[in-house]
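Only one structure is covered here, and it is reproduced in the block below.
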There are 2 protein chains.
Amino acid sequence: MPPGRATDTVSDRLEATPLYRKVGELLATRIDEGFWQAGEMLPNEFVLADQFNVSQGTVRKALGTLESRGIVERRQGRGTFVTTNTDERSFYHFFRLAEPGGERVKPDPHSEKIKRRKATKHEQQQLGTADNTEVFEIVRVRVVGEHRASRETMLIPCDIAPTLQSLKSKLPNSLYPYYQQQFGTMVLRAEEYIAAVTASKIVAAALQIEPGTPVLEVTRTAHDIKDRVVELRVSQFRSDLFNYNVTLR
Amino acid sequence: MPPGRATDTVSDRLEATPLYRKVGELLATRIDEGFWQAGEMLPNEFVLADQFNVSQGTVRKALGTLESRGIVERRQGRGTFVTTNTDERSFYHFFRLAEPGGERVKPDPHSEKIKRRKATKHEQQQLGTADNTEVFEIVRVRVVGEHRASRETMLIPCDIAPTLQSLKSKLPNSLYPYYQQQFGTMVLRAEEYIAAVTASKIVAAALQIEPGTPVLEVTRTAHDIKDRVVELRVSQFRSDLFNYNVTLR
DNA sequence: TATACTATATCTTATATAAGAATATAAGAC
DNA sequence: GTCTTATATTCTTATATAAGATATAGTATA
């Protein structure tokens with residue numbers, strides 16, 4: 001079929017979107033809705049091309065956009081797979097702690113508390129949810145070797161992670177893989193605001209440092225495929241032993 | 001010409017690189033060497049295809065990689081242009097200051113000092129240069145409205161920016177566009193390490209805050225097309241009024 | 001018979017090319 | 001000046017072929 005159909009009219013001229021983008025959107029929506037789950041293999045390019053009634057190259061280009069957004073991973077000769085937020089991946093993308101001027105570090109969980117409460121007005125606004133939203137609040141301390149590294153306070157709407165509190169065992173090391181496995185929520189983007197503050201008594205106790213010591217305070221909103229906010233997080237990082245590392249391009 | 005030639009041997013099998021990547025590398029090298037300058041338009045896809053003896057589609061894919069690396073910008077119907085590091089672009093990519101939880105801010109220069117000196121051993125190592133490297137050291141303070149926002153200390157090897165000190169007028173608002181215009185050096189990537197520290201007397205004076213106040217200290221290496229280090233920079237940011245913002249994906 | 005190796009078939013994504021459409025700009029007609 | 005046309009550019013789509021990965025069947029060997 002030639003790209004420009006003979007039936008072009010003004011009305012569909014207005015909504016002229018390239019085929020590959022339409023296909024890409026449809027695929028993204030399917031994945032968001034759990035049609036294909038984490039780690040699952042998508043049908044091959046030719047099958048998808050058949051389903052959408054386009055050529056393999058067009059499906060290919062659509063899949064390329066999903067790949068660059070981190071939604072799928074592709075391997076020549078193997079197939080196209082829904083990205084699994086493994087611990088590794090999750091840490092690599094969303095946990096930026098590093099040796100000063102050097103390699104990134106991977107901390108271990110040390111302790112955690114979880115409770116259910118109502119979100120404040122401000123939190124509701126940040127989450128983009130209605131009034132009276134209930135959230136889980138998780139406070140977790142992490143260690144690197146012998147040292148306390150961070151104290152994180154996470155806020156997750158209950159309707160996103162309904163069974164979170166009934167979890168009997170400890171929370172998994174990384175939450176985003178858990179969100180994905182349990183609730184089909186795929187964290188793809190995080191927006192962070194970093195400040196230097198003095199450690200409060202609570203933070204100092206958690207990080208085993210003197211109150212008043214400067215620490216990094218990182219405020220984050222985490223977003224899914226459709227850019228919905230799925231988590232609020234405020235973390236304090238010990239900054240004398242570790243740095244926050246990021247690459248700008 | 002079909003992709004796999006009948007003359008394939010073991011030796012050229014080993015160096016099997018897709019055409020579009022070879023073409024991309026050649027184009028990147030040309031731009032790095034100043035064959036096409038900032039803002040200049042490249043020949044169109046068909047002309048380049050002719051020059052490299054490949055099809056338009058292959059050139060197109062190569063240009064796509066350069067575009068995603070930020071080396072060129074393309075506009076349908078207009079052409080492909082070497083990216084100009086405008087002030088806007090430079091600030092947007094490489095200056096991450098923002099209102100807490102909100103919009104990015106664009107500060108103005110307030111004062112600056114420049115001198116020439118020998119790099120220390122450690123600096124040489126970070127720059128990846130030989131012994132006895134001479135550098136320019138620039139110290140600059142920036143303001144947002146009435147408030148001091150940052151104090152930056154930049155280190156640039158003299159051979160990268162030979163005429164920097166002879167500059168009569170004030171330094172331009174943003175340095176990277178200047179590097180590109182004057183020396184053909186295109187900063188594409190910056191690696192940053194962020195720490196929370198207490199303001200020293202010098203920093204406190206520059207930022208007009210009390211000594212001991214926590215400030216953000218950002219240590220940066222800036223890299224060009226070929227990933228050479230072209231600048232070292234240590235910046236202190238006032239953190240009570242501003243935050244460091246970054247998007248992770 | 002069981003096991004290890006090897007070729008082969010088949011499934012997958014990747015690469016290269018070609019043709020036409022969409023977009024921007026300049027030149028020409030009125 | 002304003003509209004139309006021409007021209008130059010990138011963008012979209014389709015097609016054919018290559019290349020990578022994996023399972024399977026066959027074969028030799030112990």
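Below, chain A is the first sequence line, B the second, and so on; all start at residue 1.
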Between A:Arg233 and A:Glu191, does any NZ, NE, NH1 or NH2 come within less than 4.0 Å of an OD or OE carboxylate oxygen? no

Would you mind checking if B:Lys226 and B:Glu25 are paired as a salt bridge, meaning a charged N to carboxylate O distance below 4.0 Å? yes

To the nearest angstrom, how far is [X] atom [atom1] from [N] atom [atom2]?
X: A:Arg74; N: D:dA19; atom1: CZ; atom2: P; answer: 19 Å
X: A:Leu48; N: C:dC11; atom1: CG; atom2: P; answer: 16 Å
X: A:Gln56; N: D:dA16; atom1: CD; atom2: C1'; answer: 10 Å
X: B:Leu19; N: D:dA19; atom1: CG; atom2: P; answer: 11 Å
X: B:Asn53; N: C:dA18; atom1: CG; atom2: C1'; answer: 16 Å
X: B:Asp50; N: C:dA18; atom1: CG; atom2: P; answer: 11 Å
X: A:Glu73; N: D:dA21; atom1: CD; atom2: P; answer: 15 Å
X: B:Leu66; N: D:dT10; atom1: CG; atom2: C1'; answer: 15 Å

If you round to the nearest 0.5 Å, how far is OG of B:Ser150 from CZ of B:Arg140?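 These two atoms lie 9.0 Å from each other.
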
Are the aromatic rings of A:Phe95 and A:Tyr176 close, with centres under 6.0 Å apart?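 Between A:Phe95 and A:Tyr176, the centre distance exceeds or equals 6.0 Å.
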
Quick note, side-chain hydrogen bond (donor to acceptor under 3.5 Å, both in side chains) partners involving residues 39-52 of chain A, not counting sequence neighbours, are A:Arg30-A:Gln51, A:Glu45-A:Gln56, A:Glu45-A:Arg60, A:Glu45-A:Arg74

Atom pairs, protein N/O to nucleotides 5-9 of chain D N/O, distance under 3.5 Å:
from  : atom 1 : to      : atom 2 : distance (Å)
D:dT9 : OP2    : B:Asn44 : ND2    : 2.7
D:dT9 : O5'    : B:Asn44 : ND2    : 3.4
D:dT9 : O2     : B:Gly77 : N      : 3.4

Any B:Lys61 side-chain nitrogen or oxygen under 4.0 Å from OP1 or OP2 of C:dT15: yes

Under the salt bridge (charged side-chain N to carboxylate O under 4.0 Å, His left out) test, which residues partner B:Arg228, sequence neighbours left out?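 So B:Arg228 forms a salt bridge (charged side-chain N to carboxylate O under 4.0 Å, His left out) with B:Asp32, B:Asp224.
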
Using a heavy-atom cut-off of under 4.0 Å over every strand shown, decide if B:Thr58 touches base, sugar-phosphate, or nothing. base

